[in-house]
Asks: 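The structure's right below; bear with me while I get my questions together.
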Amino acid sequence: MARWPKPAEGTWTGHYPDLGTGPVSFRDSTSPEFYAAEREAIFKRAWLNVGRIEDVPRVGSYFTKDIAAAGTSIIVVKGKDQAVRAFHNICRHRGNKLVWNDYPNVETKGVCRQFTCKYHGWRYDLDGALTFVQQPGEFFDLDTDAYGLRSVHCDIWNGFIFVNVDAEPRQSLREFLGPMITGLDDYPFDKLTERYDWVADNNSNWKIFADAFQEYYHVPALHPQQVPAAVRDPNAGFECAHFQIDGPHRVVSTAGTRRWLMAPEYMYPIERATRSGLVGPWRTPDLGELPAGLNPGGIDPWGISNFQIFPNLEILIYGGWYLLYRYWPTSHNTHRFEAYTAFHPARSVRERIEHEVAAVVLKEFALQDAGMLGGTQAALETGIVEDFPLNDQEILVRHLHKTVGDWVAAYQREQTPVGAAHA
């Protein structure tokens, strides 16, 4: 008998009947042809999170972001009017990558008054306007107003900077996020500015890693040293308290029984010594009243909610701090994984240590999942097995792959000439 009640339909998957319950193919994670379509259908059309407003704290602050799946590099910059803008990172003269330091393929950040091309010295202001051309008289009827940087649609939600490289986005950012995500409008992300970042280049399709954080069915097998004895027992399992889907986005919540209260003997010694670890510091600052959207299932006691914003962003909120993941495809079977933990700025040396320990333990937890990626990808690419059964605790895995397939199918229908489908 389940500890947490399921919907009236009897299962979470049954609550969303469009998902079906049959076996799932992961061909979408092994096919170069599918990846090519996915780039066009998703990463060149969806709103993508590239940073936070803390990344551009003052006028002239900028950072670059290489988005391989969208076939572009962008510059995000704060202008003199305090607005945050995004531009394609390409000089309008001869196509040189405009902003880079020693290596053009390495992202960079800084503060400047203008952007100057290394090749021929063309300059652009913080609004993207072309302001200087070497020897303008050598050109033929050059209209400098027509050669500013190519802009990228840019918008901000609750401090998170999103871009959309589509010429005409089909939805505004807020429409795209929908009510489940905007239910976090009042969560105080702006108070959690002490960050610990890490990046890993992984040998798997981006969805394969995203799948690992959409279900906790794997916890007893993959993370046995980090869970209590009751969960170590494969017959006991691990069950999440609430699943919810809103358009292309998903959330999963767990209960709030704290690990140190359940079984401190199964914690790392450093966790017990510092009173911090896998679920963060044992004490966190009072952030005030939190939005109801943080716990959409009304779970009591509530622990963690993992909001998965399509296509490649996850925000795991633990109440007093949060963890963020991004999965950036680099080919059909590789991706770059970005992650950071964000805390309220430490008010003492002890709090700083608590934050650092939590960041390190969480990184270890993520690396255990990452260690599975190569094996999963290699086995899937053999093509020997095509149909894989998913249980009710893997509903969000089913939803992600269905959503990706739906976006690709819609794109391909658009590319089919009228009447060709009936020829």
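As the structure is a computational prediction, the values presented were derived from the model and not from experiment.
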Asks: What's the spacing between D369 CG and N202 CG if we round to 0.5 Å?
Replies: 10.5 Å

Asks: With a 4.5 Å cut-off on side-chain heavy atoms, are V357 and V361 touching?
Replies: yes

Asks: Check this for me: does any side-chain nitrogen of one of D127 and R85 sit under 4.0 Å from a carboxylate oxygen of the other?
Replies: yes

Asks: Between K44 and D166, is any pair of side-chain heavy atoms under 4.5 Å apart?
Replies: no

Asks: Set out, in order, the CA-CA distance, both residues' side-chain angles and the distance that settles side chain to side chain donor-acceptor pair (under 3.5 Å) for W157 and D185, then state yes or no.
Replies: CA-CA 8 Å; W157 167 72; D185 280 350; 2.8 Å; yes

Asks: Any idea which heavy atoms bring W12 and I395 closest together, and the distance?
Replies: O-CD1, 3.3 Å

Asks: Start with the C-alpha distance between D28 and H401, add both sets of side-chain angles, then the distance that settles side chain to side chain donor-acceptor pair (under 3.5 Å), and finish with yes or no.
Replies: CA-CA 8 Å; D28 63 359; H401 289 267; 2.7 Å; yes

Asks: Over all heavy atoms of both residues, which pair between Y124 and H93 is shortest? Give the atoms and the distance, please.
Replies: OH-N, 4.2 Å

Asks: Can you find a side-chain donor-acceptor pair between E9 and H15 that sits under 3.5 Å?
Replies: yes

Asks: Quick one: CD on E54 to CZ on F189, what's the gap to the nearest 0.5 Å?
Replies: 11.0 Å

Asks: Are side-chain heavy atoms of F87 and S151 found at a separation under 4.5 Å?
Replies: yes

Asks: Between the side chains of N295 and H242, is a donor N or O closer than 3.5 angstrom to an acceptor N or O?
Replies: no

Asks: Would you say K118 has more than 12 foreign heavy atoms packed within less than 6.0 Å of its NZ?
Replies: yes

Asks: Are the aromatic ring centres of F115 and Y62 under 6.0 angstrom apart?
Replies: yes

Asks: Crowded around K97 NZ? As in, over 12 foreign heavy atoms under 6.0 Å?
Replies: yes

Asks: With a sphere of 6.0 Å drawn around OH of Y119, does it hold more than 12 non-hydrogen atoms of other residues, nucleotides or ligands?
Replies: no

Asks: Aromatic contact between Y35 and W206, with the criterion being ring centroids under 6.0 Å apart: yes or no?
Replies: no

Asks: Before giving the answer on side chain to side chain donor-acceptor pair (under 3.5 Å), spell out for E239 and W4 the whole-Å C-alpha distance, their side-chain angles and the decisive distance to 0.1 Å.
Replies: CA-CA 8 Å; E239 187 173 342; W4 298 103; over 6 Å; no

Asks: Would you call R113 and D125 a salt bridge, using N to O less than 4.0 angstrom?
Replies: no

Asks: Tell me whether K65 is salt-bridged to D55, with the criterion being a basic N under 4.0 Å from an acidic carboxylate O.
Replies: no

Asks: Does a donor on one side chain and an acceptor on the other come within less than 3.5 Å for S73 and D66?
Replies: yes

Asks: In Å and rounded to the nearest 0.5 Å, what is the OG1 to NE2 distance from T284 to H355?
Replies: 8.5 Å

Asks: Do F26 and E386 come within less than 4.5 Å of each other through their side chains, counting heavy atoms only?
Replies: no

Asks: Around atom CZ of R195, are there more than 12 heavy atoms of other residues, nucleotides or ligands at under 6.0 Å?
Replies: yes

Asks: Report the distance from atom CD of Q377 to atom OG1 of T382, rounding to the nearest 0.5 Å.
Replies: 10.5 Å

Asks: Nearest 0.5 Å, please: how far is NZ in K109 from CG in N101?
Replies: 12.0 Å

Asks: Between I161 and V56, what is the shortest heavy-atom contact and its length?
Replies: CD1-CG2, 4.0 Å

Asks: Could you check if a side-chain atom of V199 sits within less than 4.5 angstrom of a side-chain atom of F337, using non-hydrogen atoms only?
Replies: no

Asks: Quick one: are the ring centres of F209 and H335 less than 6.0 Å apart?
Replies: yes

Asks: Is the shortest heavy-atom distance from the side chain of S31 to the side chain of H332 under 4.5 Å?
Replies: no

Asks: Which is it for R27 and D387 under the salt bridge (charged side-chain N to carboxylate O under 4.0 Å, His left out) test, yes or no, and what are the steps along the way?
Replies: CA-CA 9 Å; R27 182 63 179 160; D387 298 320; over 6 Å; no

Asks: Can you tell me if Y318 uses its side chain to pair, donor with acceptor, with the backbone of P281 under 3.5 Å?
Replies: no

Asks: Do N205 and L373 come close enough that some side-chain heavy atom pair is under 4.5 Å?
Replies: no

Asks: Any chance OH of Y147 has more than 12 other-residue heavy atoms, nucleotides or ligands included, within less than 6.0 Å?
Replies: no

Asks: Evaluate N203 against T334 for side chain to side chain donor-acceptor pair (under 3.5 Å), listing each step before the verdict.
Replies: CA-CA 5 Å; N203 55 348; T334 60; over 6 Å; no

Asks: Check A37 against Y411 and note the closest heavy-atom contact, atom names and distance.
Replies: O-CD2, 4.2 Å

Asks: Looking at W407 versus F310, is the centre-to-centre ring distance below 6.0 Å?
Replies: yes

Asks: For the atom pair CD (Q171) and CZ (R45), what is the distance rounded to the nearest 0.5 Å?
Replies: 12.0 Å

Asks: Within a strict 4.5 Å, meaning less than it, do heavy atoms of the L48 and N164 side chains meet?
Replies: no

Asks: List the atom of T144, the atom of L130, and the distance in Å for their closest heavy-atom pair.
Replies: O-CB, 3.7 Å

Asks: Is the distance between the ring centroids of Y196 and Y340 under 6.0 Å?
Replies: no

Asks: Pairing donors with acceptors under 3.5 angstrom, does anything connect the side chains of Y327 and E314?
Replies: yes

Asks: Are W122 and F139 an aromatic pair, judged by ring center distance below 6.0 Å?
Replies: yes

Asks: Does a side chain donor of either R250 or Q214 reach within less than 3.5 Å of an acceptor in the other side chain?
Replies: yes

Asks: Passes salt bridge (charged side-chain N to carboxylate O under 4.0 Å, His left out), E414 versus R170? Steps please.
Replies: CA-CA 14 Å; E414 291 179 14; R170 289 150 177 78; 3.7 Å; yes

Asks: Step through the shown structure and confirm whether more than 12 heavy atoms of other residues, nucleotides or ligands are within 6.0 Å of CZ on R350.
Replies: yes

Asks: Go through the steps to decide whether D197 and K363 satisfy the test salt bridge (charged side-chain N to carboxylate O under 4.0 Å, His left out), and finish with yes or no.
Replies: CA-CA 10 Å; D197 296 68; K363 185 177 180 180; over 6 Å; no

Asks: Does the separation of the ring centres of H249 and F307 fall below 6.0 angstrom?
Replies: no

Asks: Hey, are K207 and E38 close enough for a salt bridge, meaning a charged N less than 4.0 Å from a carboxylate O?
Replies: yes

Asks: Might you point out which heavy atoms bring I75 and N89 nearest each other, and give the distance in Å?
Replies: CD1-OD1, 3.5 Å

